[in-house]
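In what follows, chains carry the letters A, B, and so on, assigned in the order in which the sequence lines appear, proteins first and then strands, with residues in each chain numbered from 1.
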Amino acid sequence: MPELPEVETVRLGLNELILGKKIASIEVLSEKSMRSARSDVDAFAVGAVVKDIDRRGKLLILHLDNNYSILVHLRMTGQMVYVDQSTRFGAGHPNDSLIHSLPDSSTRIICTFDDGATLYFNDQRKFGYWMVVPTSQISEDAFVAKLGPEPLLPEFTASVFSERLNRRKGTNIKAAILDQTVLAGVGNIYADEALFSAKIHPSTLVANVAEEQREELHEAIVDVMNLSIQHGGSSDKNYVNAEGKRGSYLTFAQVFRREGQACVVCGDTIQKIRVAGRGTHICPTCQQLSIKRRTQK
DNA sequence: CACTTGACCTGTCCGC
DNA sequence: TGCGGACAGGTCAAGT
């Protein structure tokens, strides 16, 4: 499930692979994966050159040279995989590599460039999307306009984080940090990892998270995301980078998908519970419930 | 208004 | 082996 570190890894990869390339065609295999009209895709994306690649939270933004941009959201199972002659047939790619079998049954959009290279948008569950929009209107997009601050920018300070949390005083801390309007980019993996690192139980009511704990959580979110980017993100099931390769962060994860294992800090057994409607991983000893918590069903 | 739950999808896994 | 159902989770719409 691509969260900020995975999307950032894809962005870094695409920056090395498709900048300056001219889009020759865009084939839409699944209508709901392309939110723009066919006529807009043809008029404003086909024929344009990829100028720059940006990211806002979990949203990938391909800036074209004609003042239009392609917004790409990977949601849960989206992949952006680049293939050209050298990667398809060249050295360094094992025979079982994903790129040798593309397109496959999950391919939803095929973008070809005028040099013969191809960018595949795969999305098993069809939750993700591409959208062609005028660059000047991105900030007015309903989703973009509501996004909270970027956690990896210097202006995202502990006090900004604390203020943002106060928008959701009545809910639990996990639901609050998953809320993209509070801050942009945290998903289920990094929510669990950051809360463990900060020793906060995910069911704790936001109003009951002390200022010092908020500072610890702020630091944990930033640290866990930076560490993940260094390791190419997390590949639970579907995620791969722009070269079709998996990320290795989950080998460093301390609680996510580690239920039944011993906590690296105290040795207690990691549990999987349900918080904010999500599978949630905690160490019951390290993450004690402080005072009252948000009641859960 | 604030918050929670269900829907959207499809592949996988589990129990019978 | 086959089948039904639960499950995975980012976001939005609907419900409380």
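With F121(A) as the aromatic partner, R108(A) does not meet the cation-pi criteria of under 6.0 angstrom to the ring centre and within 45 degrees of the ring axis.
The CD atom of Q79(A) sits 16 Å away from the P atom of dG10(C) (whole-angstrom rounding). One interatomic measurement links the two molecules: CG of L165(A) to P of dC3(B), which rounds to 12 Å at whole-angstrom precision. Rounded to whole Å, the distance from OH on Y129(A) to C1' on dT11(C) is 9 Å. Rounded to whole angstrom, the span from the CG atom of L205(A) across to the P atom of dA2(B) amounts to 15 Å. Rounded to whole angstrom, the span from the CG atom of N122(A) across to the C1' atom of dT10(B) amounts to 14 Å. The separation between D104(A) atom CG and dT10(B) atom C1' is 13 Å, rounded to whole Å. In this entry the distance linking CD of E6(A) with P of dA8(C) reads 18 Å, nearest Å. For the pair R56(A) CZ and dG10(C) C1', the computed distance is 16 Å after rounding to whole Å.
Taking side-chain N and O atoms only, K58(A) has a distance below 4.0 Å to OP1 or OP2 of dT11(C). Distances shown here put a side-chain N or O of T171(A) below 4.0 Å from the OP1 or OP2 atom of dT4(B). For the OP1/OP2 pair of dG10(C) and a distance below 4.0 Å, the side-chain nitrogens and oxygens of Q180(A) include no atom meeting the criterion. In this model, the phosphate group of dA8(C) is approached by a side-chain N or O of K272(A) to a distance below 4.0 Å at OP1 or OP2. Between H73(A) and dG10(C) there is no side-chain polar atom (N or O) within less than 4.0 angstrom of OP1 or OP2.
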What's touching nucleotides 13-16 of chain C from the protein side, N or O pairs under 3.5 Å?
none

Produce the list of close N/O pairs, under 3.5 Å, pairing protein atoms with atoms of nucleotides 6-9 of chain B; give distances to one decimal.
residue, atom, partner, partner atom, Å
dC9(B), O2, R125(A), NE, 2.6
dC9(B), O2, R125(A), NH2, 3.4
dC9(B), N3, R125(A), NH2, 3.4

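When all heavy atoms are compared, the tightest approach of V132(A) to D40(A) is CG1-O, 4.3 Å.
Stem regions for DNA chain B, each three or more consecutive Watson-Crick or G-U pairs with both distances under 3.5 Å and listed by first number, read B:2-8 with C:10-16, B:10-16 with C:2-8.
Checked options L62(A), V49(A), T112(A), L64(A); the residue passing with I23(A) is L64(A) (criterion: side-chain contact (heavy atoms from CB on, under 4.5 Å)). The one candidate from V275(A), N172(A), V209(A) that meets the side-chain contact (heavy atoms from CB on, under 4.5 Å) condition with T204(A) is V209(A).
A ring-centre distance under 6.0 Å is found for F156(A) and H218(A). Taking the centre of each ring, F143(A) and H73(A) come in below the 6.0 Å mark.
No side-chain N or O of K174(A) forms a donor-acceptor pair with one of S203(A) less than 3.5 Å apart.
Between Y239(A) and S234(A), every side-chain heavy-atom pair lies at or beyond the 4.5 Å cut-off.
With respect to the salt-bridge test (charged N to carboxylate O, under 4.0 angstrom), the residues E150(A) and R55(A) qualify.
The separation of dC9(B) from dC3(C), taken at their P atoms, amounts to 24 Å, rounded to a whole angstrom.
Rounding to the nearest 0.5 angstrom, the gap separating the NZ atom in K21(A) from the CG atom in D84(A) is 6.5 Å. Annotation: the span from H63(A) atom NE2 to L71(A) atom CG amounts to 9.0 Å, rounded to 0.5 Å.
Where K146(A) and D236(A) each meet DNA chain C at their nearest nucleotide, the meeting point lying more 5' is that of D236(A). When the nearest nucleotides of DNA chain B are assigned to A175(A) and R108(A) by heavy-atom distance, the more 5′-ward of the two goes with A175(A).
Contacts of G128(A) with the nucleic acid, taken as non-hydrogen atoms under 4.0 Å apart, are absent.
Residue E16(A) qualifies as open at atom CD: its count of foreign heavy atoms under 6.0 Å is 12 or below.
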